[in-house]
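Working notes, beginning with the structure itself.
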Amino acid sequence: MMATLAFHAPKTLDEAIALLAVDPRAIPLAGGTDLIVQLRSDRLEPSAIIDLKRIEKLSGVRRHGDGFAIGAATPCTALKEDAELAAAWPGVVEAANLIGSVQVRNRATMAGNLCNASPAADSVPALVAAGATCLVVGTGGEREVPVKDIPTGPGKTSLKPGEVVAEIRLPGRVGGEGDAYLRSIPRTEMDIAVVGAGANLAFGPDGTCTAARIAVGAVAPTVVLVNEAGEALVGTRLDDTALEKMAEAVRSACNPIDDKRGTVEYRTAMAGVLAKRVVAIARDRAGEKA
Amino acid sequence: MNAPQDKRSFRYVGTRPVRPDGVEKVTGKALYGPDFVAPNMLHGAILRSPHAHARIKSIDLRKAEALPGVKAIVTGADFPTLESLIMAVGESSSDIVHISRNCMAYDKVLYDGHAVAAVAATSGAIARQAIKLIDVEYEVLPHVLDIEEALRADAPVLHEDIFTKGVNPKPDKPSNAALRVEMAKGDLEEGFGKAAVVVSGRYTTEPVHQGYIEPHACVVSWNADGQLQIWTSSQGHFAVRSLTASVLGLSQADIRVTPLEIGGGFGGKTTIYLEPVATLLSRKSGRPVRLAMSRSEVFRASGPAPGAVIDLKMGAAEDGTLVAADIEFKYHAGAYPAITAHSGASSAIAHYKVPNSRVVGWEVLCNRPATKAYRAPGAPQVIFAVECALDELAGKLGIDPVDFRLKNAVRPGDKQFNGMPFGEIGYAECLEAAKAHPHWSAPLGPNQGRGVAGGTWGNYGGPSTAEVSVAEDGSVLVTTGSPDIGGSRASMAIMAAETLQIPYEKIRVTIADTSSIGFSMVTGGSRTTFATGKAVTDAAAEVVEILKERAARTWGVEPSEVDWRDGEAVCLAEGRTDERLPIGRIAGSAPFSGGPISAEAAINPGGYLAGYGVHICDTEVDPETGHVKILRYTAIQDVGQAIHPDYVEGQMQGGAVQGIGWALNEAYLYDKDGRLDNPGFLDYRVPVASDVPMIDTVMIEKANPDHPYGVKGVGEVPIVPPLAAVANAVTHAAGVRMADLPLTPDRVYAALRAAE
Amino acid sequence: MSKLQVSTTINGDPQEFLCDPDTTLLDALREELGLTGSKEGCGSGDCGACTVILDGKMVCSCLVLAGEAEGRQVNTIEGVAEGGELHPVQSNFLELGALQCGFCTPGFIVAAKALLDRDPNPSETEIRYWLAGNLCRCTGYDKIVRAVQDAAAELRQERTPA
């Protein structure tokens with residue numbers, strides 16, 4: 001507990017950026033479901049907390065070109081309430097709505113899930129598979145960065161001091177596309193992913209896979225986009241050989257640790273199993289939209 | 001009034017009225033341990049060891065003392081030096097020296113989270129800041145967590161003064177084997193010689209926490225004359241009084257313990273952790289002090305149930321008769337000697353007739369928190385192994401597993417281990433009910449399996465005091481000293497209503513502080529509805545006698561000429577049989593008929609009976625991931641007469657789900673330095689609502705003839721069968737014997753792959 | 001540390017209090033305002049005993065900073081019964097014996113009411129997943145789920161015009 005801890009709830013992003021710029025030990029607060037736990041256990045000892053939830057443009061889902069822009073302070077449950085977003089990116093929306101409990105999801109945000117930089121963050125594999133980007137804003141201006149480039153290791157991000165993720169952007173959808181996310185946890189709810197897998201697939205009119213992105217979580221220091229796994233599917237109709245090749249590529253890309261939530265062997269094996277399952281769901285979804 | 005009454009004649013027993021304390025609890029008004037506030041109260045915090053095993057070389061308090069707002073600091077040096085004294089509390093007993101040391105370490109810390117110092121300050125934030133300013137110099141010692149490792153000759157020894165009890169002659173060296181118990185009868189060699197099939201194996205379980213949602217908390221206010229008040233939530237405030245008095249060398253009459261509502265205990269709140277520490281802080285500061293644990297403190301420093309390693313060999317004859325059992329189990333004791341080996345040994349095969357048997361139990365010290373009672377302490381672990389082995393035997397013999405158990409089940413009149421015949425027990429009825437239940441014969445799908453398991457717990461009686469007094473308007477106050485942990489106020493009111501024959505709503509129940517009612521043992525051992533209920537019934541029956549006597553005096557007839565029906569005196573004297581005096585009229589004129597109407601019963605009733613249960617579980621195993629889904633679950637139990645069936649069913653359902661958690665996901669995870677790696681509900685995975693189906697219950701109401709309303713203890717039995725019921729179900733679903741709990745997905749997956 | 005002054009609305013009434021910037025809403029409710037109906041079982045959002053409604057959404061008050069409540073509407077267990085009349089969720093918990101120790105009960109009632117406010121007829125599975133963030137160690141959840149189902153039926157009846 002710092003004697004000088006301050007709490008600010010700015011109304012504009014410019015104010016928030018200015019507050020973060022003047023105080024290198026200030027931290028932004030979105031949903032708080034990770035941050036407040038860390039604060040209470042002394043893992044974080046900031047000098048100031050900058051609440052982003054009073055900044056109007058950071059809350060809610062907007063249309064952005066053909067796609068979507070999700071404000072950094074938008075709670076996960078609000079994503080479900082946007083019917084178009086939920087129809088276009090069901091895998092992303094479901095991933096965000098696996099985090100914690102309803103109570104947690106009414107607070108937790110995808111931007112916070114991303115910036116907390118846990119390798120097991122549920123929404124991140126789905127976002128990476130989706131090819132999502134984020135708008136990063138700091139005193140030096142703004143830049144658009146692929147979601148996959150934000151986390152650099154457990155608890156570490158590529159954000160520069162004073163920068164915040166202001167929104168997450170998802171591309172627009174055309175027909176024949178589908179995404180999905182699944183995770184493995186010991187219980188049915190309330191656990192951190194032992195392994196998570198996201199898939200985003202596109203198919204031609206004849207059912208041939210034309211694009212595939214497979215990302216897995218909790219099997220390496222950051223979420224891994226497994227290019228070889230996607231490549232194994234492209235040009236195929238997802239026959240068993242292609243699926244097994246895809247799963248093998250996923251398992252080969254795993255570099256997990258043994259910890260309280262899972263073993264190396266189990267995580268690696270599950271990454272392959274879940275990858276096959278999410279590919280099947282994504283294909284069905286693409287078929288429905290074809 | 002010891003004869004069981006005809007069930008159909010009951011008016012209140014067996015009904016399901018709203019509990020008297022219900023509205024307070026659904027509106028947030030009820031005050032639990034952490035809710036109590038005393039005027040001018042200080043807030044405490046406890047510094048806990050970061051090491052699993054270390055010698056305390058020095059403690060420097062100067063920086064903490066200098067922090068503004070700090071009012072008192074306590075370390076182990078502030079605790080009096082005590083002589084060894086074994087104190088019985090509830091089902092367990094502990095050496096008071098160990099209870100004291102567990103509240104606050106002195107020379108050594110024995111587990112991650114062991115209390116080392118405590119601070120009282122004007123705010124919680126200052127207290128938490130102050131404990132960080134305390135410099136403790138440790139000499140870190142090698143630690144041991146595992147049972148088998150702790151028993152090795154080269155293992156670090158926790159206590160230089162503990163020599164294995166129960167071994168003759170006394171060992172010449174101290175060791176981590178704190179206790180050995182053995183119960184044997186018959187001739188094992190001869191028994192196994194008659195066996196057509198023999199199974200043997202090793203089974204293991206992990207330590208599990210009681211998992212009550214309310215963390216421990218208390219407020220203590222010490223006065224300069226040495227009298228003090230304690231407000232705390234516990235399973236027994238009289239135990240809090242006696243233990244605190246003994247740890248600190250105080251007179252029990254100087255300590256008034258007021259029970260707050262208790263947010264779950266399951267055996268884990270039958271001891272003390274905070275009260276002596278808060279007492280010393282209050283004495284030093286002269287102000288009331290609150291101490292409350294965080295969830296991580298609860299996991300790091302309060303008692304789990306032991307984990308176990310069980311080696312077992314059992315044999316049966318061709319016709320399915322059990323002929324021999326040779327069982328050796330080793331339980332964690334944690335940092336201090338515990339008592340669960342005794343009850344483990346006496347429970348292991350207590351529900352079966354086994355002519356030749358040897359059950360050996362060990363308690364093994366290790367650098368984990370001291371184990372404490374958890375629902376049927378000691379029984380679930382060893383019975384898990386026994387019920388899995390029975391499943392194996394039944395399979396090999398080609399006998400239905402329920403029939404196999406039925407053939408060997410103990411029945412009334414069979415001899416217990418001590419030679420005495422069993423009373424009106426109902427295990428066979430439970431098994432018959434399981435067989436007849438549609439669940440037992442329902443079809444199963446692919447990757448699904450069904451498991452069945454039985455279990456028993458001895459239950460208990462124990463001392464209780466109750467007072468029943470009649471208010472001037474004829475409403476009735478029942479006062480006991482037994483904390484209400486799951487609806488017992490309702491049961492007490494029902495039994496009083498039945499005895500007094502007045503409406504349930506006219507009766508209110510108070511749980512009095514230690515200075516306002518005589519002694520009652522803890523709420524534990526499934527004893528409260530039985531023993532305190534009998535005290536309430538006895539006192540109410542005496543009140544009925546007083547009421548009749550007052551009516552007789554009013555009418556000028558003999559007391560024998562007065563009957564008591566429907567809450568009123570009925571005159572039996574010739575020619576006056578239409579005269580009535582309702583309780584309200586008698587009570588209103590009580591000052592003129594002999595004074596207030598009140599009776600107390602202070603008893604230690606015998607006649608308690610063991611309880612038995614049979615659980616059926618269906619699971620589905622995901623062959624690719626090892627995930628286990630509980631599809632269907634049925635709990636069957638001999639509950640005696642159910643006083644309030646909702647709360648009997650609730651015990652069965654809650655116990656079953658705790659057992660499911662034990663079987664599937666709950667475990668302590670330590671890092672290589674012996675620090676607890678999952679001290680929270682995130683990674684200590686108790687079942688959540690979406691993990692389980694409805695828990696069907698079948699109450700077998702075989703009344704206990706030695707209780708006025710037929711009560712048998714019901715709270716503990718239901719956690720005994722689930723471990724094996726789940727493991728047997730997973731075994732049948734997966735096609736491979738699952739002998740090591742918990743059955744986490746990675747373990748099931750590994751077993752599936754190994755079996756390929 | 002300088003104190004924050006927070007103005008908020010709790011159970012419909014305006015409230016002002018002072019707190020440290022790192023004080024949680026749960027601590028402010030319990031310690032500053034004496035509203036001890038919301039319980040702390042874990043302090044990390046894993047047990048749901050501290051569930052309150054913040055601007056219409058149920059949240060764990062241990063995972064909200066008190067300062068965030070500035071200008072917001074907070075509804076707690078103390079506000080569920082209206083004018084001494086129990087809400088059907090509360091009365092059905094009592095009727096079915098859906099509580100044993102009662103410590104988790106306030107969180108369950110706030111959460112269950114939030115569910116029924118948005119969905120008058122949830123399935124058993126929906127109830128179980130909605131309540132997965134509320135731990136109960138006593139009941140095994142059976143009677144809780146049934147109480148929510150019964151409360152839902154009672155509320156549907158009430159809403160149906162005669």
Side-chain angles (χ1 to χ4, degrees), chain B residues 16 18-19 21-32 34-35 37 124-125 210-215 261-266 292 294-296 485-487 490 644-647 649-658 660 680-682 686-697, chain C residues 1 20 22-23 27 30-31 34-47 49 76-78 80-81 86-87 89-91 93-107 109 124-125 127-146:
Chain B
R16 303 174 184 240
V18 168
R19 59 198 279 173
D21 53 328
V23 171
E24 281 210 327
K25 287 178 177 166
V26 299
T27 53
K29 289 178 187 164
L31 286 181
Y32 290 82
D35 300 335
V37 176
Q210 294 83 350
Y212 34 81
I213 312 296
E214 176 203 45
E261 295 300 331
I262 171 171
F266 315 108
S294 66
R295 176 53 51 185
S296 96
I485 200 162
H644 192 308
D646 276 346
Y647 293 106
E649 292 163 358
Q651 290 293 325
M652 294 166 69
Q653 292 163 335
V657 170
Q658 285 185 328
I660 289 169
F681 281 133
L682 182 59
V686 306
V688 301
S690 49
D691 290 341
V692 287
M694 293 296 190
I695 308 295
D696 288 338
T697 55
Chain C
M1 178 154 46
D20 291 330
D22 60 351
T23 298
D27 282 343
R30 290 176 53 81
E31 305 288 333
L35 295 171
T36 53
S38 306
K39 306 299 182 191
E40 179 169 319
C42 69
S44 54
D46 297 307
C47 81
T76 71
I77 182 66
E78 286 87 353
V80 172
L86 295 183
H87 185 275
V89 169
Q90 292 172 311
S91 51
F93 263 62
L94 291 179
E95 291 293 338
L96 270 77
L99 61 150
Q100 285 175 32
C101 82
F103 191 78
C104 70
T105 307
I109 285 174
E124 182 193 333
T125 301
I127 293 170
R128 288 186 179 278
Y129 275 87
W130 182 271
L131 296 177
N134 292 81
L135 296 182
C136 171
R137 191 62 157 170
C138 293
T139 65
Y141 303 106
D142 183 300
K143 290 181 189 299
I144 291 175
V145 173
R146 291 179 201 274

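Naming convention: chains lettered A, B, ... in sequence-line order (proteins, then strands); numbering from 1 in each chain.
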Please flag which part of [X] lies under 4.5 Å from any non-hydrogen atom of chain B: side chain, backbone, both or neither.
X: C:I109; result: side chain
X: C:Y129; result: both
X: C:T139; result: backbone

Is [X] in contact with chain C via its backbone, its side chain, both, or neither, using a 4.5 Å heavy-atom distance?
X: B:A30; answer: backbone
X: B:E649; answer: both
X: B:I660; answer: neither
X: B:L682; answer: both
X: B:E261; answer: neither
X: B:V23; answer: both
X: B:T27; answer: both

**Item:** Value rounded to 0.5 Å, distance of OG in B:S690 from OH in C:Y141
**Value:**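 Here the rounded value is 8.5 Å.
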**Message:** Could you measure the distance from the OG1 atom of B:T697 to the NZ atom of C:K143? Nearest 0.5 Å is fine.
**Reply:**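 One gets 6.0 Å once the value is rounded to the nearest 0.5 Å.
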**Item:** Interface residue of largest heavy-atom contact number with chain C, from B:K25, B:H644, B:E214, B:Q651, under 4.5 Å
**Value:**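 Top count of heavy-atom pairs under 4.5 Å with chain C: B:E214.
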**Message:** Counting heavy-atom pairs under 4.5 Å with chain C, which one of B:G487, B:G264, B:G211, B:G22 comes out on top?
**Reply:**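 The residue among B:G487, B:G264, B:G211, B:G22 with the greatest pair count is B:G211.
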**Message:** Before you tell me yes or no, could you show the steps for C:C138 and B:F266 under side-chain contact (heavy atoms from CB on, under 4.5 Å), namely the whole-Å CA-CA distance, both residues' side-chain angles and the distance that decides it to 0.1 Å?
**Reply:** CA-CA 9 Å; C:C138 293; B:F266 315 108; 3.6 Å; yes
**Asked** Does the side-chain contact (heavy atoms from CB on, under 4.5 Å) test come out yes or no for B:M694 and C:R146, once each step is laid out?
**Response** CA-CA 9 Å; B:M694 293 296 190; C:R146 291 179 201 274; 3.6 Å; yes
**Item:** Residue pair C:D142, B:Q653: steps toward the side-chain contact (heavy atoms from CB on, under 4.5 Å) verdict
**Value:** CA-CA 7 Å; C:D142 183 300; B:Q653 292 163 335; 3.2 Å; yes
When you measure from the side chain of [X] to the backbone N and O of [Y], does any donor-acceptor pair fall under 3.5 Å?
X: B:R295; Y: C:G41; value: yes
X: C:R137; Y: B:Y212; value: no
X: C:R128; Y: B:D691; value: no

**Message:** Quick one, B:L31 with C:T36, criterion side-chain contact (heavy atoms from CB on, under 4.5 Å). Give me CA distance, side-chain angles, the key distance, then yes/no.
**Reply:** CA-CA 8 Å; B:L31 286 181; C:T36 53; 4.0 Å; yes
Of all the heavy-atom pairs spanning [X] and [Y], show the shortest one and how long it is.
X: C:G102; Y: B:Y32; answer: C-OH, 3.1 Å
X: C:F103; Y: B:G263; answer: CB-CA, 3.6 Å
X: C:E40; Y: B:P215; answer: O-CD, 3.4 Å
X: C:L135; Y: B:F681; answer: CD1-CG, 3.5 Å

**C:L96 side chain near B:D646 side chain, heavy-atom distance below 4.5 Å** =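 No, side chains not in contact.
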Counting heavy-atom pairs under 4.5 Å with chain B, which one of [options] comes out on top?
options: C:L99, C:T105, C:T125; value: C:L99
options: C:G133, C:C101, C:G140, C:G43; value: C:C101
options: C:E31, C:Q90, C:H87; value: C:Q90

**Message:** Quick test of your reading of the model: are B:D35 and C:R30 salt-bridged, counting only N-O distances below 4.0 Å?
**Reply:**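 Between C:R30 and B:D35 there is a salt bridge, with a charged N closer than 4.0 Å to a carboxylate O.
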**Asked** Looking at B:R16 and C:E95, does any basic side-chain N land under 4.0 Å from a carboxylate oxygen?
**Response**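 No, B:R16 and C:E95 are not salt-bridged.
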